[in-house]
Amino acid sequence: MGYPNSIKQIQPDVVNNFCITFSTINGSGSATANVTLLRALFKMGIPVSGKNIFPSNIQGLPTWYTLRISKHGFLGRLEKDDIVVAMNPATFYKEQEFVLPGGAFYYADDIKLPVTRTDIAVYPMPVKKIVQEANVPPKLRDYAANMVYVGVLAQMLGIELDKIYLALDFHFKGKSSAIDLNFSIIKLAAQWAAAHLEKRDPYYVEPMSITKDHIMTDGNTAAALGSIYGGVQFVAWYPITPASSLAEALHEYAPLLRQDPVETGKETYAIVQAEDEIAAIGMAIGAGWGGLRAMTSTSGPGLSLMTEYLGLAYFAETPVVVWDIQRMGPSTGLPTRTAQGDLTEAYFLSHGDTQYVILLPGSVKECFEFGWKAFDFAERLQTPVIVLSDLDLGMNQWMSEPFEYPNQPMDRGKVLWEDDLEKLSHKDLHWGRYLDLDGDGIPYRTLPGNTYPGSAYFTRGTGHDEFGSYSEEAEVWERVMKRLSKKFETARSILPKPVMDIQENSKFGIISCGSADFAIHEARYELEQAGIVTDYMRIRSIPFSNEVRDFIRDHERIYVVELNRDGQLKQLLTLETPEFATHLRQISRADGLPLSARWIKEQILVEEGR
Amino acid sequence: MISAINVIQEQGTNAIGLSRNDYRGAPSSLCQGCGHNAIANQIISACYELNIPPEQIVKFSGIGCSSKSPAYFLGRSFGFNGLHGRMPSLALGALFANKHLRGLGVSGDGDTASIGMGQFKHLLRRNLPFLYIVENNGVYGLTKGQFAPTAEQGLTLKKQGVNPYEPIDICLEALASNATFVARSFAGDPRQVKELIKAGLMHRGIAVIDIISPCVTFHNREGTLHSYTGGKETESPLHEISFVPRREEIVLENFSEGQIREVRLHDGSVIVLKKLSRDYDPTNRSQALCMLADEFNSGRLVTGLIYIDPDRPSMFDAYNLPETPLNRLSEDRLRPPRQSIEKVNALMF
């Protein structure tokens with residue numbers, strides 16, 4: 001080979017424990033190639049995760065995709081690459097810097113730029129030549145070029161071609177012309193690599209059986225499916241990255257799953273693309289008021305626009321579910337980069353004294369579970385439920401245990417229909433929309449279409465008494481507001497409890513939420529390897545349950561790990577437990593990328609003086 | 001479906017046995033003489049005469065004097081007084097709960113044509129079955145007398161001085177956004193208001209009625225466009241309108257050939273238009289657009305049914321909803337069966 005490459009493999013083999021980054025150009029069709037490799041590895045039984053680091057652009061800017069292969073099942077982000085596949089001349093030099101010493105560097109040989117690293121294995125690939133030989137129609141050549149690296153990597157790493165075929169078959173939904181075209185390039189490329197490339201790096205894959213009963217999906221699809229199993233009846237949404245794929249998944253799966261079993265041929269839901277986020281939340285709140293399981297999905301800028309309406313829903317006590325797939329703010333920010341930066345926004349939304357139920361899913365499986373549970377909480381508590389997912393969880397592919405069918409019937413909350421009102425009248429009880437009959441702060445509601453005389457009431461965002469009548473009286477106002485906060489005390493005991501891992505001889509505690517969990521698992525493992533045992537609590541809902549206070553009280557030193565600049569979860573915990581505020585220490589960053597275990601471990605070690 | 005058996009009964013009840021009182025609401029807290037109260041009375045009369053059970057109507061409004069008024073009629077109907085300029089989205093979502101109910105919204109010129117212009121126009125293009133009444137007085141009353149977007153250029157108000165901007169014509173905006181029912185009326189012409197409300201309620205699609213409704217406190221100076229005297233002096237009806245519910249015979253006296261137009265609605269009811277000074281065809285959209293453009297700034301208040309397309313599919317036609325109201329579907333119709341979860345998991349790869 002005419003390229004500088006003097007290194008020979010001196011390290012032992014590295015099997016099923018490395019990271020590959022693909023550097024391509026946005027819009028070049030690389031996503032199909034990348035997800036094919038992901039699925040093939042998954043089919044080989046190897047734990048794998050894929051992360052797309054992409055620009056806010058449709059075509060032309062650099063984009064990266066990282067595959068992490070981890071026999072330990074760690075799914076978090078790694079900061080350095082063992083292997084880089086460089087298909088984009090614009091970032092050619094930068095990519096080389098990210099390869100670990102002893103790593104491997106594959107690139108398209110039409111990039112006529114020098115490779116400056118001498119401590120890595122370098123493999124040029126004759127991409128254009130192979131595509132030409134495969135008789136690919138000219139208009140598909142650029143797109144198909146990415147299949148060359150699939151074939152080369154299959155040969156060099158040991159990825160089974162029949163698993164690649166399965167992945168293509170799934171991706172192209174069995175369409176044989178597309179499958180065959182791509183598979184022929186992959187085979188040609190693998191044959192070329194077998195004949196021309198000498199293996200000079202330590203990376204291999206071998207079949208495992210860990211992923212056998214697992215599924216592979218993204219959080220937005222999981223959220224959509226969970227909502228469908230939750231009986232979602234009305235969806236209003238407005239396109240925004242990274243939330244659009246949630247509503248699109250509803251469009252995709254609802255027709256399959258929500259045909260009316262009684263009036264056959266009919267569908268038991270409606271999805272409306274609204275003109276903006278204000279209209280989307282308005283429609284959803286209208287539908288929630290009407291008695292439908294209603295939702296919208298958005299991201300930070302959309303949540304900002306929904307603020308006024310959510311304040312109305314809080315005060316008028318209207319159930320609605322809002323999925324916020326967080327991206328990096330403030331402002332337009334980094335629309336295609338991940339963050340956990342909307343926690344305080346969701347907590348403090350809208351003017352006046354307000355409170356919101358917030359759910360914090362930490363995996364795709366939990367996105368599914370909270371998908372259906374969110375409606376139960378919203379209808380039980382008659383209040384908005386905001387589910388905070390994020391771009392990393394929502395848009396990237398995650399290996400997961402399969403979705404579980406809801407293990408409890410729907411909770412439609414306190415709704416009175418004609419018969420119920422009739423029974424009440426026999427008991428000489430008067431129904432009032434905002435009367436707290438049960439002492440839990442939650443009143444009973446009636447729904448439009450109820451024909452019982454006196455069932456109707458007038459809903460308003462202005463001051464109202466227990467019967468919904470307009471009131472500006474000081475006492476009435478205070479009474480209603482106090483009763484509202486009582487509802488949120490009730491919420492503490494019914495919302496999902498934190499997930500805890502308490503160890504013997506632990507030195508300190510860690511608290512996190514959402515997708516930060518993946519990197520923390522790995523960081524705790526590494527800390528344990530270094531002899532530091534930790535306790536851990538992943539918070540799953542706000543208002544916080546009593547376990548949260550107990551955990552903070554019981555640990556003198558707690559690192560609150562999160563993906564934002566200001567330590568927003570720590571801020572909220574400080575408000576919740578001011579007497580233990582000194583127990584809490586902030587470990588947070590916001591660079592647009594998912595947290596890495598290495599960074600978390602390092603921060604903690606520095607704090608611990610190690 | 002709304003039942004509209006048109007037999008006005010004696011003893012002060014209508015065909016479904018309800019008295020006019022059954023259609024009233026709380027006492028109005030608006031100013032004495034406010035045009036909005038006159039309109040509320042016509043809403044009560046229209047629903048009473050159409051024999052609509054009040055429970056079959058759902059009321060909506062935004063924020064402003066106009067938006068307070070739904071509390072003052074149809075006390076037995078569900079209602080939601082929402083946010084400023086955001087009534088359309090609220091109503092749209094709510095009406096999906098039960099597609100057989102009839103939506104009635106009351107908004108103002110600021111609520112509709114200023115803060116709410118976006119939602120207003122998008123509601124129209126979706127053709128949601130909904131009667132959208134704009135109580136248009138050219139002024140912000142609840143905040144005590146600022147210019148509204150429909151105020152005429154050069155108008156002088158006490159606090160702000162002279163209005164430098166062109167007004168917005170709500171009917172022109174409605175027509176431009178493909179509304180299927182566009183009308184204008186004047187609160188001082190109660191009969192026309194009532195007939196238009198009836199027709200709008202029975203139209204299967206969006207119905208916009210822009211009603212000039214004078215504000216007696218902040219904007220009723222003699223001769224101005226939105227004043228009582230201005231309306232009385234300049235009102236120029238396109239036709240004399242009568243709404244004839246289905247199953248009632250059309251009986252009209254003293255008319256000759258070519259003097260009457262009839263527009264048949266989806267449920268079989270008929271809007272009868274008696275020709276006045278001009279020959280006007282409200283099913284001709286380009287004629288309607290030209291008329292509105294010509295009359296803009298003419299100083300005349302042209303009233304009547306400006307445009308109607310009774311046959312355009314409504315928003316609900318775009319959805320494949322069951323006849324059972326969505327909000328009465330039981331769990332077994334909403335949650336997919338247990339065995340489906342395996343198939344779903346098999347798709348996740």
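In the text below, chain A, chain B and the rest are named by the order of the sequence lines, each starting its count at 1.
- In this structure the side chain of B:N327 never reaches within 4.5 angstrom of the side chain of A:W289, judged on heavy atoms.
- The candidate from B:L326, B:D22, B:L329 with the greatest count of non-hydrogen atom pairs under 4.5 Å with chain A is B:L326.
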What do the steps show when you test B:F96 against A:M283 for side-chain contact (heavy atoms from CB on, under 4.5 Å), and what is the final call? CA-CA 9 Å; B:F96 266 83; A:M283 291 175 191; over 6 Å; no
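- The candidate with the highest count of non-hydrogen atom pairs below 4.5 Å against chain B, out of A:M410, A:M399, A:H171, A:Q397, is A:M410.
- Contact annotation for A:I281: neither backbone nor side-chain heavy atoms come within less than 4.5 Å of a heavy atom of chain B.
- Rounding to the nearest 0.5 angstrom, the gap separating the CZ atom in A:R460 from the OG atom in B:S67 is 12.0 Å.
- Few gaps surround OH on B:Y140; more than 12 heavy atoms of other groups in view lie less than 6.0 Å from it.
- With respect to chain A, the highest number of heavy-atom pairs below 4.5 Å among B:A91, B:A94, B:P88 belongs to B:A94.
- Most heavy-atom pairs under 4.5 Å with chain B: of the set A:E308, A:E275, A:E267, this distinction falls to A:E275.
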Please lay out, stage by stage, how B:E331 and A:R412 fare under the test side-chain contact (heavy atoms from CB on, under 4.5 Å). CA-CA 9 Å; B:E331 175 167 352; A:R412 301 302 308 258; over 6 Å; no
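- Note that CZ of A:R293 and CG of B:L334 are 8.0 Å apart. Values are rounded to the nearest 0.5 Å.
- Of the two parts of B:E323, the backbone and the side chain both hold a non-hydrogen atom closer than 4.5 Å to a non-hydrogen atom of chain A.
- Using a 4.5 Å cut-off between heavy atoms, A:L447 touches chain B through backbone and side chain atoms alike.
- Of the residues considered (B:P322, B:G25, B:A318), B:P322 shows the highest number of contacts with chain A, using heavy-atom pairs under 4.5 Å.
- A heavy-atom distance below 4.5 Å is found between the side chains of B:F349 and A:R39.
- The minimum heavy-atom distance linking A:Y309 with B:L90 is given by the pair OH-CB, 3.4 Å.
- In this structure, chain B has no heavy atom under 4.5 Å from any part of A:A280.
- Among residues 70-86 of chain B, the residues having any heavy atom closer than 4.5 Å to a heavy atom of chain A are, in sequence order, B:P70, B:A71, B:R76, B:S77, B:F78, B:G79, B:F80, B:N81, B:G82, B:L83, B:R86.
- Against chain A, the residues from residues 117-128 of chain B that qualify, each with a non-hydrogen atom under 4.5 angstrom away, are B:G118, B:Q119, B:H122, B:R126 in number order.
- B:S89 and A:A279 make their closest contact through CB-O, 3.4 Å (heavy atoms, listed as atom of the first residue, atom of the second, distance).
- Heavy-atom distances place no part of A:A284 under 4.5 Å from chain B, backbone and side chain included.
- Per-residue counts of heavy-atom pairs under 4.5 Å with chain B were compared for A:N450, A:V262, A:I285, A:L225; the largest is that of A:V262.
- With a 4.5 Å cut-off on non-hydrogen atoms, A:P402 touches chain B through its backbone and its side chain both.
- Looking at every heavy atom in both residues, B:P337 comes nearest to A:Y229 through O-CE2, 4.4 Å.
- Closest heavy-atom contact between B:Y319 and A:V272: OH-CG2, 3.3 Å.
- Heavy atoms closer than 4.5 Å to chain A are found nowhere in B:I63, neither backbone nor side chain.
- Remark: the backbone N or O of B:P336 is not paired with any side-chain donor or acceptor of A:R258 at under 3.5 angstrom.
- Atom NZ of B:K59 is separated from atom CZ of A:F458 by 5.5 Å, given to the nearest 0.5 angstrom.
- Each of A:P261, A:G461, A:G230 has some count of heavy-atom pairs under 4.5 Å with chain B, and the biggest count is that of A:P261.
- When all heavy atoms of B:L347 and A:F170 are compared, the closest pair comes out as O-CZ, 3.1 Å.
- In this structure, the side chains of A:T462 and B:K68 stay at 4.5 Å or more apart for every pair of heavy atoms.
- Between chain B and the residues A:G231, A:G282, A:P448, the most heavy-atom pairs under 4.5 angstrom are made by A:P448.
- Between chain A and the residues B:N98, B:D332, B:T324, the largest count of heavy-atom pairs under 4.5 Å involves B:T324.
- In terms of heavy-atom pairs under 4.5 Å with chain B, the best-connected choice from A:A236, A:P453, A:G288, A:G290 is A:G290.
- In this structure, CG in A:L257 is found 12.5 Å from CZ in B:R335, a value given to the nearest 0.5 Å.
- For the set B:L321, B:V58, B:L95, the count of heavy-atom pairs under 4.5 angstrom toward chain A peaks at B:L321.
- Put simply, the side chain of B:L92 reaches to within 4.5 Å of the side chain of A:F234, judged on heavy atoms.
- In this model, no donor atom of one side chain and acceptor atom of the other lie less than 3.5 Å apart for B:E55 and A:S455.
- Contact annotation for A:T446: both backbone and side-chain heavy atoms come within less than 4.5 Å of a heavy atom of chain B.
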